[in-house]
Amino acid sequence: MTRTLSNDIKNQLIHDSLGYLLEDTLIEEIIRVGQLREVEADDIILNVGDNMKMIPIVLKGSIKVSRESNDGDELLLYYIEGGDTCAMTLQCCVRNSASEIKATSMEKSLLLMIPVDMMESWMQKYKSWREYILQSYHTRLTELMETVDAIAFMRLDERLLKYLVDQAKLLGSLEINLTHQKIAEDLHSSRVVISRLLKQLEIKGKIKLQRNRIILGSI
DNA sequence: ACATTAAGTGATT
DNA sequence: AATCACTTAATGT
């Protein structure tokens, strides 16, 4: 939660990220009720079992959404980037049920929190809001299918490479600062296996390995 | 110098 | 592809 940013900056940010998507009167309402929230890298925004009463829209940065099993095993589902929101959160907000997913920030990010109560009235009032939400659902579903495909049809080494490339694209850097352990968690594999596959990728010249860091040759 | 954590390796299932 | 058990390397105090 931050109050340190001036309202001017807040308004500017909202206009920049959402202005071309949503009608002006709605933007004004968003500015009125939305709260900015700054998160650091690796902050947990939403955990499994949480009850959210605010819907986050990502203004800056990116969020990782993952599934978690009872015993703490994870699986990466998809990412959310600037200007986008998470449909799953929406659903669990409206039904006021516990979250099925976990959301973690990948980098220092800026979120705009919208109280759930606004949702329903906006759905009625604003065509652009309905379209925005629907579009969000669609995007999420498409991305989800892509991950399902990856899990079902790709070998783990292909999946790993895709993961690295996605990561690089998202954070806009060929240097990926992750441990093998973290990668193994996202892909729901084990560290040893990931280490070995990474070694193979290095031998093939696709990446360079350092401690806590992987450098991609190209995207 | 020592402890801690990340990464590498061989063997086994 | 996963797991175990162990080694080696890098890093923080």
Could you give the start and end, 5' to 3', of the contact zone on DNA chain B for chain A, using atoms under 4.0 Å from its heavy atoms?
->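 Counting from the 5' end, contacts occupy dT5(B) to dA11(B).
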Side-chain donor-acceptor distances from residues 55-64 of chain A under 3.5 Å, at least two apart:
{"unit_1": "Ser62(A)", "atom_1": "OG", "unit_2": "Glu107(A)", "atom_2": "OE2", "d": "2.5"}
{"unit_1": "Lys64(A)", "atom_1": "NZ", "unit_2": "Asp186(A)", "atom_2": "OD1", "d": "3.0"}

Kindly write out the residues that satisfy side chain to side chain donor-acceptor pair (under 3.5 Å) with [X], not counting sequence neighbours, or none if the list is empty.
| X | value |
| --- | --- |
| Asp166(A) | Lys162(A) |
| Glu68(A) | Lys102(A) |
| Ser195(A) | His180(A), Arg191(A) |
| Asp16(A) | Gln12(A) |

Per-nt protein contacts along nucleotides 2-13 of chain C (heavy atom under 4.0 Å; B base, S backbone sugar-phosphate only, - none) come out as BBB----BBS--
Please identify each residue that fulfils side-chain contact (heavy atoms from CB on, under 4.5 Å) with Gln200(A), with sequence neighbours left out.
->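 Here the qualifying residues are Ile203(A).
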How would you list all residue pairs meeting salt bridge (Lys or Arg N to Asp or Glu O under 4.0 Å) that involve residues 43-58 of chain A, not counting sequence neighbours?
->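 As it turns out, there is no salt bridge (Lys or Arg N to Asp or Glu O under 4.0 Å) pair with a partner in residues 43-58 of chain A once direct neighbours are skipped.
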